[in-house]
Amino acid sequence: MDVKKVIMATPSPQPVKIELELEVNGFHRQLTVAPAARLVDLLREDLELTGTKFSCEVGRCGTCAVHMDNKLVNSCLVMAYQANGTSICTIEGLAERSLDPIQSAFLEEGGFQCGYCTPGMIMAVKALLNYHANPTEEQIKEGLSGNLCRCTGYGGIIRAVQRAIKNLNENEIEGAVGWKK
Amino acid sequence: MLMNTSLKEWKGKIRPDGPGKVTGGIKYLTDLTFPNMLYGKILRSSEPHAEIVSISTDLARKLPGVRAVVTYKDVPGLNGYGIIFPDQPVLCKDKVRYVGDALAAVAADTEEIAEKALGLIEVNYRRLPVIDSTEKALEPGAPLLHPDGNILHRAGYSIGNVEDGFQKSFVIIEETYDVPRQMHAYMETEGGVIVPEPGGKITVYAGTQHGFKDRFQLSRILNIPEKDIRIVSSPMGGSFGGKDELNIQPYGALLALAANCPVKIHQSRQESVKAGLKRHPMKITVKTGADKNGKILAHKVKIIADTGAYATLGPAILDFAVEHVSGPYKIPNMETEGLSVFTNNGVAGEFRGFGGNQITFALEGQMDRLAEKLQIDYLEFRRLNLREAEDPGPLGQRIAPTNGATHVLEAIQKSFFKRADLRNEKGDLNERWKARGTGAAITMHGGGLGAGRMDPAGGRLSFTKDGKIAAAFGFEECGQGLLSVIETILLEEFNCLDKDISIVIGDTDLVPVSGSSTASRATSMVWHSLQKMKDSFRSQMIDLAELATGTPANRMEMGPGGIWLKDAQQSGEAYLSFADLASALVQDRSISVQTSFDFPVSPDATVAGSHFLYAFAAVIVEVEVDILTGRVKVTGMEQAVSAGPVVSPMGYRGQIEGGGAMALGYTLMEHSIIEKGIYLNDNFDTYLIPTIFDVPFEMITEAVEELYEGDEFGPRGVGEIGTVAVAPAIAQAIYNATGCWINKLPVSPELILEKVSFMEGDKWM
């Protein structure tokens, strides 16, 4: 049987662009982007913040996770216009003068291997610990269930979360609470 | 993590690539951009099997923003690739054999334009019958997928007389094991940037597990000398074998040369699923017999592997499966026949475990069934048949003597009793709809490519003008922690600081040939290389220090930050810093040591691919089976591994835990389904891999570091061993929980429900 595809060349309409204003990692940004651009495109392409990754582009893997107005979102599922007027925090915005205690814990406990899921995973841990300072096992699982890691089997990630909790609690006792924005 | 030796201080340190990975600062090759960079897209076949009547690219070429379109007409050299033999067309001319086959590629100003241009390429196909199973491929008169027929490779091994063995057997078990197509599911899909350089050269920034092999293959395709191709291949967002073969590199290179601009290709997940390699599905039919005392007498195995449309490493994977048919057991009579069969079902190829996972599921399944029939404890049954240190290897070849099998079995036996006690204490076994069970399995896994195969290794150490000890290896960082391994061994050998060293890997212009970062070989080969180079390097460093200071060489040694006096008090400072030592490097004097050698092979191997160095693992798992839903949950997993000394504890544990989780997915959920040649689950919404909910919250890894007396081969790699014996351990645990034997993966809830209600539903009422 022959299979034929009928193709019609249609003239491309003039590309339209939209204007956006938002805050990214504390900086005010004005951008002109395609209407169908996603937040992940805006971050990676327009702002060259390539710490945010993508892997499935259907909101299942969490490698593109960032914070939008302090909520964890998959940036592949947020259209650029939906990010208009919001405040975004990406992995690049997490460390201020020094590493966030979560980042240090990932280093110390081997919470990563290839590192490709790591930015999204750390943003998810950050969101988790913002909600629950002392999460239970169930809360840890719930909080990280949207982030896939193919390398670690999650063992190192779980230990990193536990270490981060411990470090943060110790810091709070000492009065050093600079980690909470 | 349990280990037999004490940890030295530096062994707990963080990975050199860690800070970049936790801050998002590290640039993966798919994160790179270059001035004037174009975006490339590859048109893949819509048909699993068809003749190509015509390909028309006219409309695509006219689309504004399109800078280059290439088809088979534009391949200057060999239109084919494949690590063993190049049977896969780069761009198909007259026939497509799977839905990942490439027909054309486009480079355009934006990804959207490139995507649109693909839609304007007109391909007319004449459909051919789809060979969607190995059975169909082997039917007499089946359409031939390749000129030499539908059998890619045959492999076999026999010893003794199996029929005689079966006659003497008291029990015989016959079973067919059916294992699925698993996807690597590296988080970073294939991609990178290919940059044309002055003078007709190119640089390829794209992940691979063997840069020099990519360079060789691309040279053949592009008709460019190898020296004019530079491959930069690290870091990668995971590979697990899947990026070992070429993927987007030839298309990026053809487009970059045609457009004379850098071209970026980064496949979507769907494109990756369609085009990428998978683990070989296999049907393994086994007949095994044992005597009354539990000695295995005969083992007859037939393996049929669905290798898909093209060869890649299919032949070697079948050889590996045939070699590991008897695992760590002594079996006097064996007959193995293996067939690797072409179909239109994607392309199966290299994947962590390399055929070992499939065959171990079958072998250990037989061990469990025989033990049950003989009423012998299943670990005791294994012990009765276990190889001893100086026994020959599984193909009769001499191997490095090892007690690994005994060590891991003993370790897991101890743990088994511990766990049984714990369960009794808890006393929660009677929860109405939950069935719990424990299961264990062991394995033996060869490292390196094996006898009769080109398996070079090597490295280089030099002292740089800015006072660094520079190590260069042709290996890649896929995420496994190779940089950490190199750093740890350097610090250990030279007693220096991490700031004293620099490491270069994954760049063919800067590194010596080290062979592939596959087959659990890189850690082992880094260690071997440094053993060969360290004395010469150290003495050249000390000689230079003597020249610089006039102090006799025998009074000095290398230490943190520089050269130290042996007899001096601990002054806290080096006698001569590396920076000052470097200033003594005058023009005609340099320090550089290079080594090249081959991966150790058996001195008397007669079968190609047979191994010399093996690692061992034993796995114990606990499962909870929900009798109402058929869901299986692994609630505990412990692995004991014998692979020589641990180089990097964090990396070691990560490999074993991560491998365990990947194998848990293989056992319980992962199946890349192909129907009539078409992939049905092409993203993570339908192809499920384990989440944090699916793995035990705590996993235990025990490293047995002891080597056999006189063993000089150091650490073995552990990249694969943690994935090999998990499936049969879970299957055994399910049996112990429910009484259902598992012979098909992944274990689906439907299968459990069907078996439970059919066999012994009454038990649960």
Side-chain angles (χ1 to χ4, degrees), chain A residues 1-7 9 12 34 36 44-45 48-53 55-61 63 90-92 94-95 99 102-104 106-119 122 137 140-142 144-158, chain B residues 14-15 17-28 31 33 46-47 50 53 59 62-64 119-120 122-127 185-189 235-238 240 268-269 478-481 650-651 653-654 657-662 683-685 689-693 695 697-699:
Chain A
M1 186 178 71
D2 286 7
V3 190
K4 281 199 178 172
K5 188 163 72 171
V6 179
I7 294 167
S12 305
R44 286 181 56 87
E45 307 290 330
E48 293 177 19
L49 293 170
T50 54
T52 301
K53 309 299 184 195
S55 183
C56 75
E57 301 179 86
V58 295
R60 280 300 178 115
C61 72
T63 54
T90 72
I91 188 70
E92 289 93 344
L94 210 56
L99 291 181
I102 298 170
Q103 292 171 313
S104 308
F106 268 69
L107 282 178
E108 291 157 359
E109 291 294 342
F112 62 91
Q113 285 174 28
C114 86
Y116 204 76
C117 75
T118 310
I122 287 178
E137 181 181 322
I140 293 173
K141 287 181 184 171
E142 182 73 39
L144 304 185
S145 61
N147 295 74
L148 299 177
C149 169
R150 190 55 155 173
C151 296
T152 64
Y154 306 96
I157 293 169
I158 292 165
Chain B
I14 62 166
R15 288 171 56 143
D17 53 353
K21 287 184 173 177
V22 302
T23 57
I26 194 170
K27 289 281 182 195
Y28 292 82
D31 292 332
T33 53
S46 62
E47 300 298 320
V53 180
L59 286 174
K62 284 180 196 147
L63 186 71
L120 295 175
E122 195 174 2
V123 184
N124 291 325
Y125 302 96
R126 185 170 299 119
R127 280 183 181 153
Y186 25 75
M187 285 294 114
E188 184 192 33
T189 52
M236 258 176 278
F240 316 112
S268 69
R269 180 60 60 183
C478 319
Q480 77 277 42
M650 204 185 268
R653 186 181 193 181
E657 289 182 344
M662 186 179 262
N683 205 334
F684 291 137
D685 52 351
I689 66 170
T691 70
I692 196 168
F693 264 111
V695 300
F697 202 65
E698 199 175 352
M699 289 182 271

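Within every chain, numbering begins at 1; the chains are lettered A, B, ... in the order of the sequence lines, protein sequences first and strands thereafter. This structure is a prediction, so every number in the text was calculated from the model and none was measured.
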A.B. asks: What part of A/Leu99 lies closer than 4.5 angstrom to a heavy atom of chain B: side chain, backbone, both or neither?
C.D. replies: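 For A/Leu99, the side chain is the part near chain B, not the backbone.
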A.B. asks: Between B/Ala185, B/Gly660, B/Gly20, B/Ala50, who has the most heavy-atom pairs with chain A when the cutoff is under 4.5 Å?
C.D. replies: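 Top count of heavy-atom pairs under 4.5 Å with chain A: B/Ala185.
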A.B. asks: Looking at every heavy atom in both B/Phe684 and A/Ser55, which two are closest together, and how far apart are they?
C.D. replies: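 Where B/Phe684 meets A/Ser55 most closely, the heavy atoms are CE1-OG, 3.9 Å.
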A.B. asks: Testing the basics here: between B/Tyr28 and A/Tyr116, what is the closest heavy-atom pair and its distance to 0.1 Å?
C.D. replies: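 Minimum heavy-atom separation between B/Tyr28 and A/Tyr116: OH-N, 3.4 Å.
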A.B. asks: Would a distance-only check, ignoring hydrogens and angles, find a side-chain to backbone donor-acceptor pair under 3.5 Å from A/Gln103 to B/Val22?
C.D. replies: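 Such a contact is found between A/Gln103 side chain and B/Val22 backbone.
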A.B. asks: Using non-hydrogen atoms and a 4.5 Å limit, figure out which bit of A/Leu107 sits close to chain B: side chain, backbone, both or neither.
C.D. replies: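 Looking at A/Leu107, backbone and side chain both touch chain B.
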A.B. asks: A/Ala36, A/Cys61, A/Gly115: which one forms the most heavy-atom pairs within less than 4.5 Å of chain B?
C.D. replies: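 Winner by heavy-atom pair count: A/Gly115.
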A.B. asks: Evaluate the side-chain proximity of A/Pro119 to B/Lys21: yes if any heavy-atom separation is below 4.5 Å, no if none is.
C.D. replies: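 Contact flag for B/Lys21/A/Pro119 side chains = no.
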A.B. asks: Could you check which of B/Met662, B/Met236, B/Glu188 has the highest count of heavy-atom pairs closer than 4.5 Å to chain A?
C.D. replies: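 Most heavy-atom pairs under 4.5 Å with chain A: B/Glu188.
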A.B. asks: Given the options B/Gly24, B/Pro19, B/Gly25, B/Gly238, which has more heavy-atom pairs under 4.5 Å with chain A than any of the others?
C.D. replies: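 Heavy-atom pairs under 4.5 Å are most numerous for B/Gly24.
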A.B. asks: Heavy-atom count check: over 12 atoms from other residues, nucleotides or ligands less than 6.0 Å from A/Glu137 CD?
C.D. replies: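 Check passes, neighbour count above 12.
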A.B. asks: Restricting to non-hydrogen atoms, name the atom on B/Pro690 and the atom on A/Arg150 that form the minimum distance, rounded to 0.1 Å.
C.D. replies: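 Here B/Pro690 and A/Arg150 meet closest at CD-NH1, 3.8 Å.
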A.B. asks: Out of A/Ser104, A/Gly155, A/Cys56, A/Gly51, which one racks up the most heavy-atom pairs below 4.5 Å with chain B?
C.D. replies: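 Answer, by heavy-atom pair count under 4.5 Å with chain B: A/Cys56.
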A.B. asks: Please flag which part of B/Ser268 lies under 4.5 Å from any non-hydrogen atom of chain A: side chain, backbone, both or neither.
C.D. replies: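 Contact with chain A involves both backbone and side-chain atoms of B/Ser268.
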A.B. asks: Is A/Glu142 close to chain B through its backbone or its side chain, or both, or neither, when contacts mean heavy atoms under 4.5 Å?
C.D. replies: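 The answer is both parts of A/Glu142.
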A.B. asks: Is chain A contacted by the side chain of B/Asp685, its backbone, both, or neither, given a heavy-atom distance below 4.5 Å?
C.D. replies: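 Backbone plus side chain of B/Asp685, per the 4.5 Å heavy-atom cut-off to chain A.
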A.B. asks: A/Tyr154 versus chain B, heavy atoms under 4.5 Å apart: side chain, backbone, both or neither?
C.D. replies: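 Interface part for A/Tyr154: side chain.
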A.B. asks: Please classify the contact of A/Arg60 with chain B as side chain, backbone, both or neither, using a heavy-atom distance under 4.5 Å.
C.D. replies: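 Side chain of A/Arg60 only, per the 4.5 Å heavy-atom cut-off to chain B.
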A.B. asks: With only heavy atoms counted, which part of B/Pro235 is less than 4.5 Å from chain A, the side chain, the backbone, both or neither?
C.D. replies: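 No part of it gets close to chain A.
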A.B. asks: If you round to the nearest 0.5 Å, how far is CG of B/Asp17 from SG of A/Cys114?
C.D. replies: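 So the SG of A/Cys114 and the CG of B/Asp17 are separated by 10.0 Å.
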A.B. asks: Quick check: do A/Ile91 and B/Thr23 have side-chain heavy atoms less than 4.5 Å from each other?
C.D. replies: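 No. Closest side-chain heavy atoms not under 4.5 Å.
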A.B. asks: Working to the nearest 0.5 angstrom, can you tell me the gap between B/Tyr186 OH and A/Cys151 SG?
C.D. replies: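 One finds 12.5 Å between OH of B/Tyr186 and SG of A/Cys151.
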A.B. asks: Find the distance between CD1 (A/Ile158) and CE (B/Met699) and round it off to the nearest 0.5 Å.
C.D. replies: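 Output value for this atom pair is 6.5 Å.
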A.B. asks: If you round to the nearest 0.5 Å, how far is CD1 of A/Ile157 from CD1 of B/Ile692?
C.D. replies: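 Atom-to-atom, B/Ile692:CD1 and A/Ile157:CD1 are 6.5 Å apart.
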A.B. asks: Which one wins on heavy-atom pair count under 4.5 Å against chain B: A/Gly156, A/Ala34, A/Ser145, A/Gly111?
C.D. replies: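 Among the listed options, the one with the most contacts to chain B is A/Ser145.
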A.B. asks: Find out whether B/Phe697 and A/Lys141 are in side-chain contact, i.e. whether some heavy atom of one side chain is under 4.5 Å from a heavy atom of the other.
C.D. replies: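 Heavy-atom side-chain distance check passes, below 4.5 Å.
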A.B. asks: Please state whether the side chain, the backbone, both or neither of B/Thr189 comes within less than 4.5 Å of a heavy atom of chain A.
C.D. replies: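 For B/Thr189, the side chain is the part near chain A, not the backbone.
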A.B. asks: Might you work through the side chain to side chain contact (heavy atoms under 4.5 Å, CB included) test for B/Asp31 and A/Lys53, ending with a clear yes or no?
C.D. replies: CA-CA 9 Å; B/Asp31 292 332; A/Lys53 309 299 184 195; 2.4 Å; yes
A.B. asks: Need one label for A/Ile122: side chain, backbone, both or neither, based on atoms under 4.5 Å from any heavy atom in chain B.
C.D. replies: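 Just its side chain gets close to chain B.
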A.B. asks: Heavy-atom cut-off 4.5 Å, strictly under: side chain, backbone, both or neither for A/Thr152 against chain B?
C.D. replies: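 When you check distances to chain B, only backbone atoms of A/Thr152 fall under 4.5 Å.
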A.B. asks: With a 4.5 Å cut-off on heavy-atom pairs, point out which of B/Lys62, B/Lys27, B/Gln480 contacts chain A the most.
C.D. replies: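 Heavy-atom pair counts peak at B/Lys27.
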A.B. asks: Output yes when a side-chain donor or acceptor of B/Arg15 lies under 3.5 Å from a complementary backbone atom of A/Gln113, and no otherwise.
C.D. replies: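 Side chain of B/Arg15 to backbone of A/Gln113: a pair is present.
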